[in-house]
Each structure stands twice: as structure tokens, then as C-alpha cells.
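Here's the structure, in C-alpha cells; my notes come after.
Fair warning: this is a prediction, and the values are worked out from it, not measured in the lab.
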Amino acid sequence: MDHEKVLSQFDEIEQKVGKLIDVRKSLEATNLEFKTKITRLEEELQGKVEAENNYQEERALIRSKVDSLLARLEDLTETE
């Protein structure tokens, strides 16, 4: 091979490596965006799970109070 051909091949290799580096940087940026989005979605999900748990606890408390009031009403009607 002559000297110019070898230099040309090195230039091609250098361009391809440069493109690979650019693609890698782009993929790293995309990966970081996805990680950030995943973290945000996990936090949102955790908030919704906590809200659902609070709702269930509140519902159980209300049901308990209603049952208690119904039992008291039933006792009142039985004694009359």
C-alpha cells in the first residue's frame, strides 16, 4: 500500500470513531433523560400509592363510625 492510501484509511477510521463518539454522547444524554423520567414517575407513583392508602384508611374509619352509629341507632330502637 502506498502512503496516501494508508493515510486515507486512517482518516476514514478517524471519522467513523468520531461518529461513534457522537452517537455514544447522544445515547448517554437520552439515557440520562430516561433515568430522570423514571425517577420522576416513581416519585409520582409513590405519591399516588400513599394517597390511595390514605383514602383506604379514611374510608375504613368512616365505615367504622357509620357502623358504630347504626349499632347505636339499633340499640335505641330496640329499647323503645
Side-chain angles (χ1 to χ4, degrees):
M1 278 194 204
D2 69 341
H3 183 69
E4 287 182 24
K5 193 168 187 175
V6 170
L7 290 177
S8 173
Q9 287 178 341
F10 275 120
D11 287 340
E12 287 179 35
I13 291 171
E14 187 177 358
Q15 288 176 358
K16 289 179 181 179
V17 168
K19 287 179 183 178
L20 285 174
I21 289 171
D22 291 341
V23 167
R24 181 176 179 263
K25 286 180 182 177
S26 173
L27 290 174
E28 283 179 339
T30 302
N31 191 28
L32 181 59
E33 289 175 19
F34 284 142
K35 285 181 179 181
T36 302
K37 187 173 184 176
I38 287 170
T39 300
R40 182 180 52 80
L41 290 172
E42 286 175 340
E43 289 170 356
E44 286 180 23
L45 179 60
Q46 183 62 33
K48 290 180 180 186
V49 166
E50 289 173 6
E52 176 68 20
N53 289 340
N54 290 340
Y55 169 76
Q56 292 297 334
E57 290 173 9
E58 185 177 318
R59 187 172 179 206
L61 178 63
I62 291 170
R63 172 148 323 264
S64 171
K65 288 186 178 196
V66 168
D67 289 344
S68 174
L69 289 172
L70 289 174
R72 287 175 61 190
L73 284 174
E74 190 174 309
D75 287 345
L76 281 174
T77 57
E78 288 177 0
T79 57
E80 290 180 1

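Hydrophobic clustering, defined by side-chain heavy atoms of Ile, Leu, Val, Met, Phe, Trp and Tyr closer than 4.5 Å, leaves Ile38 isolated from every other such residue. Cluster partners of Leu27, using a side-chain heavy-atom cutoff of under 4.5 Å among ILVMFWY residues and allowing indirect links, are Val23.
Applying the side-chain hydrogen bond (donor to acceptor under 3.5 Å, both in side chains) test to Glu28 and every residue at least two apart in sequence or in another chain returns Arg24. In this structure Val66 satisfies the side-chain contact (heavy atoms from CB on, under 4.5 Å) test together with Ile62, Leu70, sequence neighbours excluded. Every residue two or more places apart in sequence or in another chain that forms a side-chain contact (heavy atoms from CB on, under 4.5 Å) with Ile13 is listed here: Val17.
Counting only residues at least two apart or on different chains, no side chain to side chain donor-acceptor pair (under 3.5 Å) pair has a member in residues 61-72.
Counting heavy atoms from C-beta outward, Glu12 and Ser8 have side chains that approach closer than 4.5 Å.
Within the model, atoms CG of Asp11 and CD of Gln9 stand 10.0 Å from one another, a figure rounded to the nearest 0.5 Å.
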Donor-acceptor pairs under 3.5 angstrom involving side-chain atoms of residues 29-37: please list them, not counting sequence neighbours.
from: Thr30; atom 1: OG1; to: Ser26; atom 2: O; distance (Å): 3.0
from: Thr36; atom 1: OG1; to: Leu32; atom 2: O; distance (Å): 2.9

Identify each donor-acceptor pair in which a side-chain atom of residues 42-56 lies under 3.5 Å from a protein atom, sequence neighbours left out, and give them as a table.
from: Glu44; atom 1: OE2; to: Arg40; atom 2: NH1; distance (Å): 2.8
from: Gln46; atom 1: NE2; to: Glu50; atom 2: OE2; distance (Å): 3.2
from: Glu52; atom 1: OE2; to: Gln56; atom 2: NE2; distance (Å): 2.8
from: Asn53; atom 1: ND2; to: Val49; atom 2: O; distance (Å): 3.4
from: Asn54; atom 1: ND2; to: Glu50; atom 2: O; distance (Å): 3.4

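A side-chain donor-acceptor contact under 3.5 Å links Thr77 to the backbone of Leu73.
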